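First comes the structure, then the notes that go with it.
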Amino acid sequence: MEKGLYLVISGPSGVGKDTVAKQLGGWISVSATSRKIRDGEEEGVNYFYHTREEMEDLIARGELLEYTKYNGEYYGTPLQPVRDHYAKGDLVIFVIEVEGAANVKKAFPEAVTVFIMPPSMEELRNRLVNRKTETAEQIEGRMNTALREIEIGKTEYDYVVVNNEIDQAVSDILKIVEDEKKRR
Ligand code: 5GP
């Protein structure tokens, strides 16, 4: 049977990576996290929400493919569903931060990594402000994190895609997926 493809997508908070990922037509891995649920999010859809202690149990039991602490909260990828979907031949998409991406690449060297860039830092700040989910202080924190992530994105990822216009970013990534499938 045809195997799937692992596609890791990272990018700074507010860059639109979730919106882009949803339009790729693959299966998106649902992460576990200890961060609080945001308005409009749903258990089992955006994340599986846990306490910090529960996250530490998942880590200790080896149930996460990778995990990290980001803004003081745990985020991790449940391993079993990822294996199942790959075996079915699905395009398995991880929308995770840079440290997790490096760990997925270690676990699955054949994984394709794509970093999504904002058109500019100013545009990124506008998107975070318009999202209205974070305080001004949190936005400054996200901007500093973004600068660090972008440096890693430029050097460590297989591909960089600028999200100027969603449809264009989606078709750029689909082209990458097609090219990678052909090469295998
Ligand atoms: P947010 O709190 O905005 O939903 O996510 C914060 C960051 O954590 C984002 O960069 C997101 O992609 C990343 N993230 C979400 N789930 C995971 C995960 O399972 N593992 C890792 N390493 N990062 C994750």
Side-chain angles (χ1 to χ4, degrees), residues 6-24 26-52 54-83 85-86 92-108 111-118 121 124-125 127-135 137-154 156-157 160-161 163 169 173:
Y6 292 121
L7 177 66
V8 180
I9 296 187
S10 303
S13 184
V15 80
K17 54 193 184 294
D18 293 298
T19 312
V20 169
K22 273 186 208 139
Q23 296 189 29
L24 296 172
W27 175 77
I28 303 177
S29 161
V30 180
S31 297
T33 185
S34 62
R35 90 140 159 74
K36 290 214 170 59
I37 189 163
R38 287 187 197 138
D39 274 354
E41 291 185 344
E42 242 181 273
E43 161 74 19
V45 176
N46 305 87
Y47 286 103
F48 297 105
Y49 300 90
H50 294 282
T51 63
R52 288 193 189 156
E54 286 168 344
M55 288 298 292
E56 284 161 5
D57 281 348
L58 289 175
I59 294 162
R61 290 203 300 266
E63 291 184 24
L64 302 180
L65 164 62
E66 59 75 36
Y67 72 94
T68 194
K69 248 188 172 178
Y70 187 93
N71 286 328
E73 302 293 348
Y74 286 111
Y75 293 82
T77 304
L79 175 59
Q80 196 55 48
V82 162
R83 285 217 176 109
H85 281 270
Y86 186 80
V92 173
I93 304 170
F94 306 91
V95 186
I96 58 178
E97 53 66 66
V98 293
E99 195 191 336
N103 286 328
V104 170
K105 192 88 180 173
K106 252 184 233 157
F108 306 132
V112 179
T113 57
V114 175
F115 191 87
I116 304 192
M117 290 283 178
M121 293 311 284
L124 185 66
R125 186 187 299 271
R127 290 181 192 176
L128 285 172
V129 170
N130 292 336
R131 193 160 82 173
K132 296 197 173 81
T133 52
E134 275 125 288
T135 63
E137 197 187 334
Q138 283 169 330
I139 289 173
E140 286 323 303
R142 298 259 175 184
M143 289 299 290
N144 285 328
T145 305
L147 285 173
R148 283 200 302 275
E149 289 169 331
I150 285 170
E151 281 315 305
I152 297 170
K154 281 190 209 158
E156 307 291 324
Y157 281 65
V160 170
V161 168
N163 185 19
I173 297 173

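In listed order, ligands and their atoms are each counted from 1. No experiment lies behind these values; they were computed from the predicted model shown.
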Completion exercise
At under 4.0 Å between heavy atoms, what of R142 touches ligand 1? The answer is side chain
Exercise for the section: May I ask you to identify the nearest protein heavy atom to atom 20 (N) of ligand 1, giving residue, atom name and distance to one decimal place in Å? Expected result: E66 OE2, 2.7 Å
Exercise for the section: Could you tell me whether E149 and ligand 1 have an N or O pair separated by under 3.5 Å? Expected result: no
Exercise for the section: Give the numbers and elements of all ligand 1 atoms closer than 4.0 Å to a heavy atom of R35. Expected result: 1 (P), 2 (O), 4 (O)
Exercise for the section: Check whether any side-chain heavy atom of V92 lies under 4.5 Å from a side-chain heavy atom of L7, and answer yes or no. Expected result: no
Exercise for the section: Check whether any side-chain heavy atom of V8 lies under 4.5 Å from a side-chain heavy atom of V112, and answer yes or no. Expected result: no
Practice task
Using a 4.5 Å cut-off on heavy atoms from C-beta on, say whether the side chain of T68 contacts that of E97.
Solution key: yes
Practice task
Check Y47 against ligand 1 and report side chain, backbone, both or neither, counting heavy atoms closer than 4.0 Å.
Solution key: side chain
Problem - Donor-acceptor side-chain pairing of E42 and Y47 below 3.5 angstrom - result: no
Completion exercise
Checking heavy atoms under 4.0 Å, the part of K69 that sits near ligand 1 is neither
Practice task
Please examine the side chains of P12 and L124, heavy atoms only from C-beta on, and report whether any two atoms are closer than 4.5 Å.
Solution key: yes
Problem - Atoms of ligand 1, numbered as shown, that sit under 4.0 Å from any heavy atom of K17 - result: 10 (O), 12 (O)
Handout entry: Minimum side-chain heavy-atom gap V104-L65 below 4.5 Å
Key = yes
Practice task
Using distance alone, determine whether T77 and ligand 1 share an N or O pair under 3.5 Å.
Solution key: yes
Handout entry: Under 4.0 Å to a heavy atom of V95 - the qualifying atoms of ligand 1, by number
Key = 12 (O), 14 (N), 15 (C), 16 (N)
Exercise for the section: Please report the closest heavy-atom contact between R142 and S13, naming both atoms and the distance. Expected result: NH1-OG, 3.0 Å
Handout entry: Polar atom proximity, A32 to ligand 1 (N or O, under 3.5 Å)
Key = no
Exercise for the section: Take atom CZ of R131 as the centre, draw a 6.0 Å sphere, and report whether it contains more than 12 heavy atoms from other residues, nucleotides or ligands. Expected result: yes
Problem - Side chain to side chain, S31 and Y75, heavy atoms closer than 4.5 Å - result: no
Exercise for the section: May I ask you to decide if A111's main-chain N or O and K105's side chain share a donor-acceptor pair within less than 3.5 Å? Expected result: yes
Exercise for the section: Return a yes/no value for R131: is any of its N or O atoms, backbone included, closer than 3.5 angstrom to an N or O of ligand 1? Expected result: no
Problem - Numbering as shown, the atoms of ligand 1 that approach Y70 to under 4.0 Å (heavy-atom distance) - result: 6 (C), 7 (C)
Exercise for the section: Would you check if V98 and Y157 make a side-chain contact, meaning some heavy-atom pair closer than 4.5 Å? Expected result: yes
Completion exercise
Contact region, Y75 to ligand 1, non-hydrogen atoms below 4.0 Å, reads both
Handout entry: Y86 ring center near Y6 ring center (under 6.0 Å)
Key = yes
Handout entry: Heteroatom proximity flag, G11 to ligand 1, N/O under 3.5 Å
Key = no
Handout entry: Interfacing atoms of ligand 1 (cut-off 4.0 Å, heavy-atom, G100)
Key = 22 (N)
Problem - atom 16 (N) of ligand 1 - nearest protein heavy atom and its distance - result: S31 OG, 3.0 Å
Practice task
Report the nearest protein non-hydrogen atom to atom 22 (N) of ligand 1: residue, atom name, distance rounded to 0.1 Å.
Solution key: E97 OE2, 2.6 Å
Fill in the blank from the handout: Honestly, for E73 the part within reach of ligand 1 (heavy atoms, under 4.0 Å) is neither
Handout entry: Per-atom contacts of ligand 1 with R38, taking only distances under 4.0 Å to non-hydrogen atoms
Key = 1 (P), 2 (O), 3 (O)
